[in-house]
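All values below were derived from every heavy atom in this structure, side-chain atoms included, with hydrogens, water molecules and symmetry-related copies excluded.
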Amino acid sequence: MQTQAKQPSTKGPAETFTGDVWYDVIAAGTLPSRLRVNLVRFSPGAHTAWHRHANGQTLHVTDGIGLVQARGGEVQVMHPGDTVYTPPGEWHWHGADPDHFMGHLAMWEGLAEGQDGPETEWADHLTDAEYPGR
C-alpha cells in the first residue's frame, strides 16, 4: 500500500480553459498504472477548449450543473451522479453551466507503451455562439 500526500490545487491554464478552473491530481498515471484521475472544479460559465483524448475520457459529475458537447452534437446537461464517456479521438468540450459551479472527476488512460500521438490534444476555444447562454 502507498499513500500520497495531497498536492496543492492547480489553476487550469488559459490556453486550454475559459474562466476559472482548478484541478487536483488524484492519480497521475504513474506506471505500472496508466490511469489518470483529476478532480476538476469549474466556476459558473468556465469550460474547456475543444479537445480529445487518445484513449477516451470518462467524466463523473460530483456537484453542480455541467455541460458537455461532442463536435457536431447537441449540448448535454450533466447533474451530480451523471457519468459521461467520450470515445477515443472524439472532439468535445465540457464545463459549468453559465449560472452554476460544477465539479467532476475526469478519468482517462495515459498512452500505452508504443502508442503514438499526444495523450490529450487541445484545439480552439469555443466561440460565443458555441457556448450556451452567451
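Using a 3.5 Å distance cut-off with no hydrogens or angles, the side chains of E15 and H125 do not pair a donor with an acceptor.
Residues in residues 79-91 take part in these side chain to side chain donor-acceptor pair (under 3.5 Å) pairs, two or more places apart or across chains: H60-T83. For residues 38-62, every residue pair satisfying the salt bridge (charged side-chain N to carboxylate O under 4.0 Å, His left out) rule, not counting sequence neighbours, is listed here: D24-R41, R52-E121.
S43 places no side-chain N or O within donor-acceptor distance of the main-chain N or O of A46, the cut-off being under 3.5 Å. H100 places no side-chain N or O within 3.5 Å of a backbone atom of P44 that could act as its donor or acceptor partner. Checking side-chain atoms of N38 against main-chain N and O of V40 turns up no donor-acceptor pair under 3.5 Å. A donor-acceptor distance shorter than 3.5 angstrom exists from the side chain of T48 to the backbone of H94, with no hydrogens or angles considered.
The structure places CG of L59 at 10.0 Å from CH2 of W108, a figure rounded to the nearest 0.5 Å. Distance CD/E109 to CD/Q57: 12.0 Å, rounded to 0.5 Å. Put simply, CE on M102 and NE2 on H47 are 11.0 Å apart, with the number rounded to the nearest 0.5 Å.
Within a 6.0 Å radius of CG in D124, no more than 12 heavy atoms belonging to other residues, nucleotides or ligands are found.
Between P88 and A54, the shortest heavy-atom contact is CB-O, 3.2 Å.
Counting only heavy atoms from C-beta outward, the side chains of T16 and H51 never approach each other to under 4.5 Å. Proximity of V21 to K11: side-chain heavy atoms (C-beta onward) are nowhere separated by under 4.5 Å. Within the 4.5 Å cutoff, the side chain of N55 has heavy atoms near those of the Q115 side chain.
In the hydrophobic clustering of ILVMFWY residues, with side-chain heavy atoms under 4.5 Å counting as a link, W50 and Y131 come out together.
Qualifying salt bridge (Lys or Arg N to Asp or Glu O under 4.0 Å) partners for E119, counting only residues two or more places apart in sequence or in other chains: R36. Scanning for ring pair (Phe, Tyr, Trp, His ring centres under 6.0 Å) contacts around F17 gives W122, with sequence neighbours left out.
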Would you list the atom pairs, donor with acceptor, under 3.5 Å between side chains in residues 63-76 and any protein atom, with sequence neighbours excluded?
{"residue": "Q69", "atom": "OE1", "partner": "W93", "partner atom": "NE1", "Å": "2.7"}
{"residue": "Q69", "atom": "NE2", "partner": "G73", "partner atom": "O", "Å": "2.7"}

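Connectivity analysis of hydrophobic side chains (ILVMFWY, heavy atoms under 4.5 Å, direct or indirect) links L105 to I26, L35, V37, L39, M107.
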